[in-house]
Amino acid sequence: MMINKKIFGLIALIGLALFFSVWTVIKLEDSYNLLTRYTQISAWVLTKTELETLDFMQQLERRVTGTDTSSHALNLKYDILWSRYQMFLMSDETQVSKQKLNAGEIVEHAFNTLKKYESAVIHDDINQLKTMLVEFGPISVDIRDLVVESLTGWHTAQKSVEIVKNKDESMYFIAVIFIFLLYLAYQVYKDSKAQQFLAWNDPLTGLHNRNYLLNEIKRRDTHPSITLILLDIHGFKELNDRISYEYGDGLLKEFAIQLNRYCQPYGLTCARLGADEFAVLIPREDFDIKSFAEKLWVKLDSSIKKMDPAKRMSLSMGIASSQDIPSASTNSKQEKLVLNNADLALNIAQKRQNSAAIVFFDPAFDAEHQKRRKLTDDLNDLLTQKQQTQLSLVFQPIVMNSTSDYLGGEALIRWTHPDYGEIYPEYLISIAEKSGLGKQLGMWVMHQVQTLLNQELAFCRQHIEISINLSDSLFDYGLPLMVQEIFGYNRDDLRSIIFEITETMTLDNIDRSHAIIRNLKEIGIRCALDDFGTGWSSMYNLKHLHFDKVKIDRTFVTDIHRVKNQYYFTSAIVTLSHQLGIKVTAEGIEDEKEYLTLCNMDVDEFQGYHFSKPLNRADFIDYCTNYFAKQQQHADHPTAIPQDHD
Ligand code: C2E
Ligand code: CA
Ligand code: CA
């Protein structure tokens with residue numbers, strides 16, 4: 001809207017400038033006409049007419065007085081004057097003086113008089129020529145007056161006034177055009193300055209942007225050493241989403257001010273690279289990077305903690321230098337390499353939250369980077385193969401309290417890589433998510449669970465529920481349809497699926513999460529809130545998002561019988577959840593004491609090494625077979641010894 005107004009304003013100004021230009025040209029043309037056509041040409045022709053009239057009269061007098069004995073010269077002058085008068089009367093240039101000065105009548109009278117004596121001139125009739133001389137006396141006076149009038153008369157004076165007026169107006173219009181052009185030039189200058197600013201700066205904080213930084217590194221290509229510090233505010237995104245974008249903007253601006261204030265005295269370049277990612281470029285060798293970075297970290301970390309007294313944010317730093325780059329690659333794009341290295345170091349720092357938040361690039365990180373790339377490529381291949389043996393699912397049993405005749409199992413992914421061995425599931429998931437394979441991997445997991453339920457576990461299908469962990473990319477509006485396409489549309493069948501969702505997945509957009517969970521519920525799928533107690537868990541979200549289950553994280557379960565705070569926290573969660581109609585599962589139970597304590601709290605479901613480690617497909621099928629056989633036995637012979645979950 002703003003831009004449109006500005007463009008329209010400029011177009012209007014250009015239109016006005018054009019109008020004034022055309023006007024000025026017309027005025028100049030007018031002045032030219034006045035000056036040439038009327039004043040100059042008229043005066044010149046009249047002067048010529050007068051001179052030739054006088055010339056003729058002189059010759060006439062010489063002939064009449066006998067000074068010239070031949071009529072030859074008179075005949076010549078007669079012809080010249082004849083032509084002059086005829087030309088004066090017929091030509092266009094004399095139009096103005098004919099009209100304005102009444103010159104037409106005077107010259108016509110002269111011409112008629114001249115014609116009247118044609119025969120006298122031809123026959124050299126001296127008497128007639130004498131009369132002609134007398135008659136031409138007043139005519140020459142009239143023509144003389146005309147010349148005087150055309151050069152100095154009232155009309156000429158009036159034309160002069162008009163010319164001066166035109167000149168003044170033209171000057172005025174030229175001045176207006178000049179001001180317009182000046183204004184336009186100023187606008188263009190201002191706009192190009194703004195464009196220039198946007199091309200190299202971040203509009204929110206005013207710091208330089210990524211392009212500027214890359215350019216600066218490139219500019220210093222030949223410099224022996226440049227160091228790049230990348231900074232990331234961990235936890236910013238969550239706060240920004242939770243509180244408000246205004247709050248987030250304010251925080252980033254303040255952070256940028258502090259960063260700039262600290263770096264300016266050293267003449268260092270500061271930039272904002274992404275939402276909460278900043279950079280400092282140090283193009284110097286004589287610099288104690290370590291001590292500078294530590295002081296900068298302390299200053300900025302305390303400043304963000306001041307902005308969020310609840311201390312939900314922390315600062316990570318990744319540092320890389322051009323000296324880390326092998327000399328062989330100095331010819332390749334140094335700016336990209338330094339940035340990549342600093343980015344790798346920053347990634348490590350982010351994972352080490354709070355312990356060692358400043359990480360210097362190490363060539364080993366690059367090996368890690370290469371490994372991730374290889375794993376990404378391999379995962380991509382595996383997911384397109386029908387028969388593969390590297391990826392598999394294991395199932396960890398979840399046992400219910402005595403009131404339920406169900407058995408649960410959590411599907412957990414495993415990857416045995418031929419070069420790298422066992423890949424940690426969290427690592428695998430992060431690779432899949434970052435490379436855009438998350439959805440494909442999730443579908444692969446669901447297909448595996450579907451065949452297990454439909455084939456090997458078909459005998460206990462009505463009493464089993466399998467929990468599937470969702471990753472970020474799966475949790476979207478298309479999920480219910482995808483699930484139905486894989487597991488079918490039968491509500492009873494879909495009851496054996498539970499999706500485990502972590503709270504961070506739902507935080508980005510609570511309303512959207514609410515809608516997805518509701519849509520899943522409508523088709524018969526239940527959802528559990530995983531890892532409760534870590535991160536941002538709140539009872540509000542537990543209730544508001546209509547979870548069916550909450551899984552209390554292992555960190556609260558371990559030693560629960562010994563650590564009072566954990567006991568009180570878990571007990572309160574169990575009570576509140578039950579009041580909201582939500583079931584509680586405890587994860588990571590490793591011994592009997594933990595189990596008994598949780599049992600006494602009325603926890604509904606139990607999972608952990610105490611009952612069983614995750615089992616491969618065949619072992620899990622055996623586990624289920626034995627479990628339900630024992631249940632059957634117990635139902636047939638209620639006095640028999642109850643099962644011990646082992
Ligand atoms: P999670 O969802 O919290 O899964 C439970 C993790 O705790 C599993 O680790 C399980 O082996 C481990 N665990 C269970 N009982 C005990 C115990 O008594 N003591 C100890 N120390 N650990 C226990 P795992 O299999 O390594 O999985 C780790 C995480 O990887 C999972 O945490 C989940 O977040 C993720 N994950 C695993 N499989 C999948 C998957 O198929 N999809 C997605 N999106 N994530 C998965
Ligand atoms: Ca889980
Ligand atoms: Ca968990």
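Both ligands and their constituent atoms are indexed starting at 1 by order of listing. Atom set for the values below is all heavy atoms of this structure, side chains included, hydrogens, waters and symmetry mates excluded.
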Please list all pairs passing the side chain to side chain donor-acceptor pair (under 3.5 Å) test where one or both residues lie in residues 571-580, with sequence neighbours left out.
-> His578-Asp604

Aromatic plane relationship, Tyr595 with Phe606 - under 30° parallel, 30 to 60° tilted, over 60° perpendicular | perpendicular

Plane angle bin for Tyr623 and Tyr627 - parallel if under 30°, tilted between 30 and 60°, otherwise perpendicular | parallel

Sequence neighbours excluded, every pair satisfying side chain to side chain donor-acceptor pair (under 3.5 Å) that has a member inside residues 442-451 = Thr451-Arg617

Verify whether one side chain among Asp381 and Gln385 offers a donor that lies under 3.5 Å from an acceptor in the other.
-> no

Backbone N or O of Phe628 within a donor-acceptor pair of the Gln632 side chain at under 3.5 Å?
-> no

Identify which protein N/O/S atoms are less than 3.0 Å from the Ca ion (ligand 2).
-> Glu410 OE2, Asn469 OD1, Glu500 OE1, Asp530 OD2

Cation-pi geometry met for Lys290 and Phe360 (6.0 Å, 45°) | no

Residue contacts for ligand 1, heavy atom to ligand atom, distance under 4.0 Å | Gln396, Glu410, Leu412, Ile413, Arg414, Pro425, Glu426, Ile429, Val445, Asn469, Leu470, Ser471, Asp530, Asp531, Arg554, Glu587, Gly588, Ile589, Glu590, Gly608, Tyr609, Pro614

Which word best sums up how the rings of Phe395 and Phe620 line up, parallel for under 30°, tilted for 30 to 60°, or perpendicular for over 60°?
-> parallel

So, is the end of the Arg512 side chain (NZ or CZ) under 6.0 Å from the ring centre of Tyr477 and within 45° of the ring's axis?
-> yes

